[in-house]
**Student:** 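Take a look at this one; I'll ask things after.
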Amino acid sequence: MRFKYIAFDGTNQLKKGIVEAANLKEATSLLIGKGWYVRKISPQGKLVHGGASLSFGRVPLTTKALFVKHLATMIKSGINLYEALEVVAEQTGSRKFKQLITDVLSMIKKGQSFGNTLEKYPKEFDPLFVNIIKVGEESGTLEENLDYLANEMEERIELRRNIQAAAFYPAIVLFATFGLGLVLAYFVLPKITKLFDSLNFKLPFTTRLLLGVAELMDKHGLWVIAITVGSLILLRLVLKLKAVKPLWHRVMVRLPLVGNIIINYNLVIVNRTLGILLRGGLTIDRALTITIGTTKNYEFKRHLSNALPQIQRGKRLADILEAQKQSRRHPIFPLLATKMIGVGERSGRLEESFNYLAEYFEKEVSNATRNLTTILEPVLLLTVGLIVGFVAVSVISPIYQITSQFRG
């Protein structure tokens, strides 16, 4: 792939150009390897500031990934943390992020630690981000932990982009189908109604059904559209309620096709988070507590929350997960995951097991999204064809009957 970039070199000179790389992570690494500070980077033809479409909290995830990567590079080069933050604040193109870093600098100047300062911004920096930095400060491995954190963010960005790319085509087809239906129902069918009302013979059922829809849209079309859009907005708001989310997430993971993708995506996040926290020096119970706080899916939260007190009593995570009641068709923690975790616990290489599982389920997500697109494409095209065919038959049938009478 080709990526457009805007960067500053070692002498603070502005650089613009195109770099060839397999993905965003590799493109960013190539530029940083030259000692450059990357200000903007995106696939060619779609240069956006900091990847604003991919974000958690108020600061885009891509902006945070670049921030951490640059910070790690500068600290490795011998620049102290305060000076590195000053450079990042000076060169970042986001006013919001620049103000945030300036506030962090003022608190560090007063003697607060970097991790404790970031903890004051929970909407921008989640517990995983904060705790990895805290552990790095405590153990003297801040630059290494920043590298781990940057890699985790870049991999999360790639995973989200793969899912978005797979969902793009079905979304366009569904949107076009919905638009076609509205145009036919609101503009075309009411005119056809006047023609068929003048006919003196019994119309076919499909035509009568079509005319019924046309009459409804002619008399109450704006209300139908308003109620439909309003219902979708209301449904979205209801699904965001804390009381509804657990039930909704439970339903989502049990859906055919989509359910497995949701489960595997969350398995990637959970395993990667646990792996990076254990690599950073945290104990399994503390790592599990942070993972529960950063996991968005309530089904995973529930299972991990049930496991935490048993972990604190000394039980093995693999045994706890195997004993939990799960759906046979859509297990939250499949047999492969529990067995690999068990191997890691017995061998003392639990973080390696988590990292392996994260990579494995990431490949599963990529394969599943590609397969889903392959399955949905003919289904969506068939749906559009059926709608167009139904309208065509409903319009042509009475016309054919009229011509038959004339022939007779």
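Residue indices begin at 1 and follow the sequence shown. Source: prediction; values computed, not measured.
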**Student:** Test side chain to side chain contact (heavy atoms under 4.5 Å, CB included) on H303 and F333 and set out the steps.
**Tutor:** CA-CA 9 Å; H303 281 273; F333 290 95; 3.9 Å; yes
**Student:** Is there a donor-acceptor pair closer than 3.5 Å between any side-chain N or O of E345 and the backbone N or O of A318?
**Tutor:**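 Yes, because the side chain of E345 sits within donor-acceptor range (under 3.5 Å) of the backbone of A318.
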**Student:** Output the distance between atom CG (N271) and atom CG (N266), rounded to the nearest 0.5 Å.
**Tutor:**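 Those atoms lie 10.5 Å apart.
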**Student:** Return yes if some donor-acceptor pair links the side-chain N/O of H249 with the main-chain N/O of N297 below 3.5 Å, else return no.
**Tutor:**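 Not confirmed, H249 side chain does not pair with N297 backbone.
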**Student:** Would you kindly say whether Q99 and D103 are connected by a side-chain donor-acceptor distance under 3.5 Å?
**Tutor:**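 Yes, because at least one side-chain N or O of Q99 sits under 3.5 Å from a partner of the opposite role on D103.
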**Student:** Which atom names give the shortest non-hydrogen contact between A84 and L71, and what distance separates them?
**Tutor:**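 Residues A84 and L71, closest heavy atoms: CB-CD1, 3.7 Å.
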**Student:** With E119, which residues qualify under salt bridge (Lys or Arg N to Asp or Glu O under 4.0 Å), at least two apart?
**Tutor:**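 Once residues adjacent in sequence are excluded, the partners of E119 under the salt bridge (Lys or Arg N to Asp or Glu O under 4.0 Å) criterion are K134.
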**Student:** Kindly indicate, with the supporting measurements, whether the criterion side chain to side chain contact (heavy atoms under 4.5 Å, CB included) is fulfilled by K245 and L239.
**Tutor:** CA-CA 6 Å; K245 273 187 177 181; L239 293 178; over 6 Å; no
**Student:** Is the closest side-chain donor-acceptor distance between S113 and N116 under 3.5 Å?
**Tutor:**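 Yes, because at least one side-chain N or O of S113 sits under 3.5 Å from a partner of the opposite role on N116.
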**Student:** Is I262 close to V258 at the side-chain level, that is, under 4.5 Å between some pair of heavy atoms?
**Tutor:**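 Answer yes - side chains close enough.
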**Student:** Quick one: does M153's side chain get under 4.5 Å of F129's, heavy atoms only?
**Tutor:**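 Heavy-atom side-chain distance check passes, below 4.5 Å.
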**Student:** Taking the six-membered ring for Trp and the single ring otherwise, decide whether the centroids of Y265 and F361 are under 6.0 Å apart.
**Tutor:**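 No - the distance between ring centres of Y265 and F361 does not fall below the 6.0 Å cut-off.
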**Student:** Ion pair present between E144 and K76, side-chain N to carboxylate O less than 4.0 angstrom?
**Tutor:**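 No, no charged N to carboxylate O under 4.0 Å.
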**Student:** Nearest 0.5 angstrom please: L308 CG to D285 CG, how far?
**Tutor:**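 Interatomic distance, L308 CG to D285 CG, rounded to 0.5 Å: 7.0 Å.
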**Student:** Do H70 and L66 come within less than 4.5 Å of each other through their side chains, counting heavy atoms only?
**Tutor:**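 Of all side-chain heavy-atom pairs linking L66 with H70, at least one is under 4.5 Å.
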**Student:** Is the shortest distance from a Lys or Arg side-chain nitrogen in R250 or E299 to a carboxylate oxygen in the other one below 4.0 Å?
**Tutor:**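 So R250 pairs with E299 through a salt bridge.
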**Student:** In the structure I gave you, are the side-chain heavy atoms of T228 and W223 within less than 4.5 Å of one another anywhere?
**Tutor:**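 Result no, sub-4.5 Å side-chain heavy-atom pair not found.
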**Student:** When M74 is tested against each of L146, N80, V88 for side-chain contact (heavy atoms from CB on, under 4.5 Å), which residue passes?
**Tutor:**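 Result for side-chain contact (heavy atoms from CB on, under 4.5 Å) with M74: V88.
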**Student:** Looking only at heavy atoms, what is the nearest atom pair of A368 and I261, with distance?
**Tutor:**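 Where A368 meets I261 most closely, the heavy atoms are CB-CG1, 3.6 Å.
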**Student:** Would you say that K69 contacts D147 through its side chain, given a criterion of any heavy-atom pair below 4.5 Å between the two side chains?
**Tutor:**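 Yes, at least one pair of side-chain atoms sits under 4.5 Å.
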**Student:** Would you sort out whether E362 and R272 count as a salt bridge (charged side-chain N to carboxylate O under 4.0 Å, His left out), showing the intermediate values?
**Tutor:** CA-CA 10 Å; E362 186 170 3; R272 186 173 288 150; 2.5 Å; yes
**Student:** If you define the side chain from C-beta out and look only at heavy atoms, does anything of V253 sit under 4.5 Å from H330?
**Tutor:**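 V253 vs H330: side chains apart.
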**Student:** Testing the basics here: between L81 and I108, what is the closest heavy-atom pair and its distance to 0.1 Å?
**Tutor:**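 That would be CD2-CD1, 4.5 Å.
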**Student:** Begin from the C-alpha positions of L321 and Q324 and carry the test side chain to side chain contact (heavy atoms under 4.5 Å, CB included) through to its verdict.
**Tutor:** CA-CA 5 Å; L321 296 178; Q324 287 188 357; 4.3 Å; yes
**Student:** Tell me the closest heavy-atom pair linking I101 and L85, and the distance in Å.
**Tutor:**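 For I101 and L85, the tightest heavy-atom pair comes out as CG2-O, 3.6 Å.
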**Student:** Give a yes or no answer on whether the side chain of K301 reaches the backbone of I292 with a donor-acceptor pair at less than 3.5 Å.
**Tutor:**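 Yes, because the side chain of K301 sits within donor-acceptor range (under 3.5 Å) of the backbone of I292.
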**Student:** How long is the gap from CZ on R279 to CD on E351, to the nearest 0.5 Å?
**Tutor:**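 Reported value, rounded in 0.5 Å steps: 6.0 Å.
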**Student:** Roughly how far apart are Y298 OH and W248 CH2, rounded to 0.5 Å?
**Tutor:**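 Answer for the OH-CH2 pair, Y298 versus W248, is 15.0 Å.
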**Student:** Do the non-hydrogen side-chain atoms of M107 and K120 ever get within less than 4.5 Å of each other?
**Tutor:**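 Sidechains of K120 and M107: in contact.
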**Student:** Quick one: pull up CD1 in I341 and CZ in R346 and give me the separation to the nearest 0.5 Å.
**Tutor:**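 So the gap between those two atoms works out to 11.5 Å.
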**Student:** Could you tell me whether a side-chain N or O of E364 sits under 3.5 Å from a main-chain N or O of Y360, the two making a donor and an acceptor?
**Tutor:**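 No, E364 side chain to Y360 backbone: no donor-acceptor pair under 3.5 Å.
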**Student:** Between I79 and V87, does the side chain to side chain contact (heavy atoms under 4.5 Å, CB included) criterion hold? Intermediate values first, please.
**Tutor:** CA-CA 10 Å; I79 302 172; V87 173; 5.7 Å; no
**Student:** Are the side chains of I263 and P331 in contact, using a 4.5 Å heavy-atom criterion?
**Tutor:**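 No. Closest side-chain heavy atoms not under 4.5 Å.
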**Student:** Identify whether NZ of Lys or CZ of Arg in K64 sits under 6.0 Å from the centre of the six-membered ring of F125 and within 45° of that ring's axis.
**Tutor:**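 K64 over F125 ring: yes.
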**Student:** So which atom in A307 and which in L317 form the shortest heavy-atom distance, rounded to 0.1 Å?
**Tutor:**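 Scanning both residues completely, I find the closest heavy atoms to be CB-CD1, 4.2 Å.
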**Student:** Quick one: pull up OG1 in T338 and CG in L357 and give me the separation to the nearest 0.5 Å.
**Tutor:**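 So the OG1 of T338 and the CG of L357 are separated by 9.5 Å.
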**Student:** Please report the shortest heavy-atom distance between N355 and G275, naming the atom on each side.
**Tutor:**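 That closest heavy-atom pairing would be OD1-CA, 3.7 Å.
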**Student:** Judged by atom type as modelled, is there a donor-acceptor pair below 3.5 Å linking the side chain of E143 to the main-chain atoms of T73?
**Tutor:**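 Side chain of E143 to backbone of T73: no pair is present.
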